[in-house]
Amino acid sequence: MSPANTHAPVRRNALAAPLSRMLVYLLLIVTAIVALVPLYVMIVTAFKSMEEIRSGTLLSLPHSFGFEHWWKAWNSACTGLRCEGLKVGFVNSFLITVPSVVLAIAAGAVTGYALSFWRVRFANVLFTAMLIGGFFPYQVLIYPLVRITSTIGLFNSLAGVIFVHVVFALPVVTLLFRNYFASIPIDLFKAARVDGAGYWRFFFSILLPMSVPMIAVAGILQVTFIWNDYIVGLVFGGINYAPMTVQLNNIVHSTYGEREYNVEMAATLLTSIIPLLVYFTSGRWFVRGVASGAVKG
Amino acid sequence: MTGVQLRNLGIRYGQVEVLRGIDLDIPASEFIVLLGPSGCGKSTLLNAIAGLQDVAEGQILIGRHDMTNVEPKNRGIAMVFQSYALYPRMSVRGNLSFGLKVAKVAGPEIEKRVAHVAKMLQIEPLLDRKPSELSGGQRQRVAIGRAVVRDAGVFLFDEPLSNLDAQLRSDLRVEIKRLHQRLRSTMIYVTHDQIEAMTLADRIVVMKDRIIQQQGTPDEIYNRPANTFVARFVGSPAMNFLDGTIKGGDAVVDGQAVPIAAALSLPLADGRKVIVGIRPEDMAIHADDTGSGLTVEVDVVEPMGPEKLVWCKRGDIGLSVKAPSSATVRPGDRVQLGLAEKKLHIFDKETGKRI
Amino acid sequence: MFVRSPSSSRLQAALTLAPVAFIVLSVYVGGVLWAAGISFTRSSMLPNYRFAGLTQYINLFSNARWQVSLCNMALFAAIFIPITLLIGYSIAAMINRGVRGENALRTIYLYPFAMSFIVTGLVWRWLLDPSFGIADVARKLGFENASFDWIVNADMAIFTIIIAAIWHSSGLVMVVLLAGLRGVDDDLWKAIRIEGIPAWKAHLYIIMPSIGASIATALVLMSLTVVRLFDVVVAMTGGGPGIATDVPAKFIIDHMFERQQVGLASAAATTLLLLVLAVAVPLLILKNRRK
């Protein structure tokens with residue numbers, strides 16, 4: 001990768017030297033290919049037989065498409081002691097992600113609202129504390145959270161995993177909503193007050209319908225984050241509620257004897273399907289969320 | 001009909017004083033304009049009347065009732081905002097009826113009132129559109145409609161035309177004036193635009209530095225400004241100011257005597273420092289050798305169509321003069337300015353107050 | 001400035017904030033203080049409250065694994081942050097010129113960010129496999145002596161993790177910076193062009209300073225990746241070979257759960273937190289002051 005400064009004179013310059021223009025495209029395309037190689041290798045490896053993996057190369061296309069490794073990854077690969085494949089993890093990830101995302105967004109939206117439009121004592125202190133909390137490494141909070149969840153009887157339970165996810169997601173989601181609400185002209189709030197709208201009326205009748213794009217953005221981001229989480233699921237899910245990422249890692253690292261790369265890659269792909277699907281179907285929102293939420297924060 | 005009284009109103013943001021000792025009596029049906037530069041507290045005052053701003057001291061009476069601590073919705077007011085503040089996800093109809101729904105007005109009654117207002121403001125074809133599908137002018141019309149439908153005794157306008165282009169602004173200005181003639185409600189209108197103030201107001205309140213500088217009819221404000229601030233702020237181009245010292249009843253400006261007796265009821269003592277104010281249209285340009293006047297050099301000439309604006313200088317003093325478009329002056333000409341003695345405004349140099 | 005509001009609404013707002021305030025107080029404040037407290041005790045398998053002074057910290061900093069972890073984190077930050085920033089900025093600057101297929105390109109660059117770090121680690125482990133990975137591709141292309149064994153080489157393994165992380169994060173940084181570049185006034189570009197300022201100078205002295213907020217955001221996001229670095233190490237090398245790729249986050253989890261040295265792990269966690277706060281708090285203050 002060479003720095004842009006040698007060949008990026010002026011934006012949207014139709015008359016820029018064709019050479020520099022071609023160089024830009026060349027660099028962009030090469031970078032894109034490099035970015036795509038891992039996905040490509042994942043896919044082709046998952047279809048190859050072990051024999052083909054040994055005889056061919058990493059990059060060669062599979063001669064025959066085998067689905068049996070996919071089936072094995074899904075149904076019978078061993079994750080430690082059990083050999084039930086990823087399907088259990090898939091269900092667990094689903095059961096964890098959906099309520100966590102819904103709760104985190106509900107809590108974040110309502111909190112952002114209370115912080116943005118109403119004067120509450122110590123609200124700034126609370127918000128600053130949340131902001132700083134958002135910077136905390138998870139590892140610092142994990143042990144206290146283990147103690148808290150086991151005290152209230154949620155350790156190694158689905159509710160416990162969800163609780164921890166919501167706790168971790170709160171600062172980011174609140175920040176996202178607070179920044180969005182801060183961009184709404186205060187006149188709108190005044191108009192609604194003159195019209196007689198009270199606390200919840202303003203939120204539900206006016207603010208929430210306006211916030212659909214923000215809800216989508218936060219939802220997509222959180223689905224991705226929570227589905228992809230490893231450590232919360234590892235520590236709080238126990239054996240029964242281990243999410244897909246944990247099972248995937250177990251499948252790959254607990255194989256004895258010859259490693260089945262095709263099964264590993266099939267399992268890896270299966271684990272990535274949901275976030276990739278979300279990303280490729282609503283990438284526009286995803287980009288918007290990352291860019292706007294992050295930049296303003 | 002509802003009047004509004006403000007008694008010794010003070011507003012603070014934390015430690016910072018924004019408004020101090022505001023006393024204002026607005027009779028029912030009056031159209032009053034709060035005029036001032038940005039940051040003078042005029043919008044804050046309007047928000048306080050609406051109940052959207054905490055008041056540190058004093059009282060707000062609307063229709064003779066003490067409303068100082070009453071919720072906005074119960075004050076019998078309606079408000080129009082600079083940014084329109086239409087509810088973006090509701091149709092125009094939804095915007096007009098939201099306040100009535102919150103107040104639990106019966107459905108048929110809502111429909112009737114919305115239809116009436118829509119007809120009055122000619123927004124009937126827009127009723128089912130979303131605000132994002134409307135032009136700026138249409139949006140502000142809807143916002144006015146949302147205020148009218150509340151059937152309030154007092155209308156509050158917070159710079160409602162500032163986001164519109166010049167043509168639309170003058171159209172809607174007329175519209176608002178017509179609305180006032182029709183409804184006869186009390187209207188309190190905030191603006192920094194002196195044209196709006198002059199054209200709309202029964203009475204103008206000029207504000208600056210946390211206090212009211214002057215209140216009066218547009219005519220009083222223009223022709224008898226209470227101090228140099230009001231004199232400079234109202235009128236375009238602004239009034240010219242000349243520093244002078246009294247000598248023998250005249251003001252001596254840059255070594256030349258200017259007679260000012262006709263502008264004063266009592267002559268001033270010799271040696272008193274004054275500011276002589278004169279509006280650009282109250283001067284006439286004569287060729288250099290004709291009689292008395294202030295000798296100046298023409299600096300720049302701006303043709304404005306029906307007239308010319310001539311910028312003159314005399315040493316450090318700059319003066320703008322309105323001349324008929326037929327005037328033949330060129331930069332560099334030396335001319336005499338005849339000052340209309342009766343139209344002079346004499347201010348105290350120290351306090352800036354009118355003498 | 002807040003709009004005047006009746007006390008009933010303020011009470012409702014306060015009630016809305018109460019659960020969140022409770023969580024923040026109990027977890028973010030209380031939990032962290034408790035963990036910090038534990039780091040001054042003799043706690044091993046279970047927390048106890050026998051005061052031990054700085055013993056845990058002394059043990060921690062004389063622990064070879066912790067030293068390696070810290071060094072790895074510093075090395076990771078020193079390489080990962082500038083390279084990712086450079087790649088992200090270069091791509092953003094090129095895309096910002098207006099290229100065809102921008103949407104497709106952007107989608108491709110950002111997709112790694114949608115993948116979990118576990119997946120990232122596993123894929124790159126496979127790609128960098130000494131026998132079947134890209135080294136094998138090179139060999140079969142005719143470079144018969146090609147070998148690439150960084151992932152199993154104690155001295156080099158950390159760099160394979162850096163490569164994987166750069167792949168994962170470059171798109172994100174690019175998107176954040178592109179959003180900043182899109183906010184640069186078109187007239188500024190015109191002025192630069194009319195003045196004939198060389199491109200690299202324009203970027204370095206004019207454009208970069210004017211998108212300072214975006215760059216700061218990218219830096220914050222990358223710093224978070226650095227301190228949270230855990231999953232990708234677990235998936236890719238398991239901290240190995242030996243302890244060659246250990247990182248603080250992994251050190252903490254291992255000592256907390258597998259080795260059951262809660263006191264030592266808490267001391268490590270507290271140290272990590274202080275490091276983070278030393279970076280984050282000045283950043284936050286700076287950002288708020290600018291507002």
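Under a cut-off of 6.0 angstrom, the local environment of CZ in A:F94 is sparse, with at most 12 non-hydrogen atoms contributed by other residues, nucleotides or ligands.
Residue contact with chain A, scored on non-hydrogen atoms closer than 4.5 Å, involves the backbone and the side chain of B:I77 alike. Looking at B:A152, neither its backbone nor its side chain comes within 4.5 Å of chain A, counting heavy atoms on both sides. Contacts of B:L86 with chain A are made by backbone atoms alone, with heavy-atom separations under 4.5 Å and no side-chain atom involved.
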Give the intermediate values and the outcome of side-chain contact (heavy atoms from CB on, under 4.5 Å) for residues B:L52 and A:V194.
CA-CA 8 Å; B:L52 297 167; A:V194 171; 4.2 Å; yes

Inter-chain donor/acceptor N,O pairs below 3.5 Å: chain A to chain B:
unit_1: A:R119; atom_1: NH2; unit_2: B:D54; atom_2: OD2; d: 2.6
unit_1: A:D187; atom_1: OD2; unit_2: B:S83; atom_2: OG; d: 3.0
unit_1: A:K190; atom_1: NZ; unit_2: B:N47; atom_2: OD1; d: 3.3
unit_1: A:A191; atom_1: O; unit_2: B:Y87; atom_2: OH; d: 3.3
unit_1: A:A192; atom_1: N; unit_2: B:Y87; atom_2: OH; d: 3.3
unit_1: A:R193; atom_1: NH2; unit_2: B:E71; atom_2: OE1; d: 3.2
unit_1: A:R193; atom_1: NH2; unit_2: B:E71; atom_2: OE2; d: 3.4
unit_1: A:V194; atom_1: O; unit_2: B:R150; atom_2: NH1; d: 3.2
unit_1: A:V194; atom_1: O; unit_2: B:R150; atom_2: NH2; d: 3.0
unit_1: A:D195; atom_1: OD1; unit_2: B:R150; atom_2: NH1; d: 3.3
unit_1: A:D195; atom_1: OD2; unit_2: B:Y87; atom_2: OH; d: 2.8
unit_1: A:P209; atom_1: O; unit_2: B:R89; atom_2: NE; d: 3.4

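A:L188 is not listed as a side-chain neighbour of B:F81, based on a closest heavy-atom distance of 4.5 Å or more.
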